[in-house]
Amino acid sequence: ATVKNMFAAGSREVLAVWALKFIGKNHVDQKTMQIIKNFLQGTTRTEFEKNLTFAPQWIKQILFDTMKDVL
């Protein structure tokens with residue numbers, strides 16, 4: 001396993017990244033993002049940013065947009 005794939009393994013953010021990779025960029029909808037937003041409740045901005053270090057840019061953008069009013 002590479003550092004990129006194992007970084008922050010087990011964190012909620014990485015689970016969200018894996019879910020979005022599985023769903024695919026073109027299939028993400030508002031319902032999915034609401035579920036992810038609820039799942040990530042309680043995370044701190046510092047943890048959130050750290051755990052998304054190696055996430056693909058399109059996923060980072062989606063997650064930051066979704067969590068902007070929570071963090």
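- Between Lys37 and Asp69 there is a salt bridge, since a side-chain N of the basic residue sits under 4.0 Å from a carboxylate O of the acidic one.
- Between Gln57 atom CD and Phe64 atom CZ the span is 9.0 Å, to the nearest 0.5 Å.
- Under a hydrophobic clustering in which Ile, Leu, Val, Met, Phe, Trp and Tyr are joined whenever their side-chain heavy atoms come within less than 4.5 Å, directly or via other members, Leu71 and Ile35 fall into different clusters.
- For the atom pair Arg12 CZ and Asn51 CG, the distance stands at 11.5 Å (nearest 0.5 Å).
- Atom CD of Gln30 is surrounded by 12 or fewer heavy atoms from other residues, nucleotides or ligands within 6.0 Å.
- Listed here is the closest heavy atom pair of Leu52 and Leu63: CD2-CD1, 3.7 Å.
- Taking CD1 of Ile59 as the reference point, atom NZ of Lys21 lies at 6.0 Å (rounded to 0.5 Å).
- Using a 4.5 Å cut-off on side-chain heavy atoms (C-beta onward), Leu40 and Val70 make no contact.
- Under a 3.5 Å cut-off, the side chain of Thr66 and the backbone N or O of Ile62 do form a donor-acceptor pair.
- If you check the side chains of Glu47 and Ser11, you find no donor sitting under 3.5 Å from an acceptor.
- Here Met33 contributes atom CE and Met67 contributes atom CE; the two are 9.0 Å apart, rounded to the nearest 0.5 Å.
- Atom CG of Leu20 is separated from atom NZ of Lys25 by 12.0 Å, given to the nearest 0.5 angstrom.
- In this structure, the side chain of Thr53 engages the main chain of Lys50 through a donor-acceptor pair within 3.5 Å.
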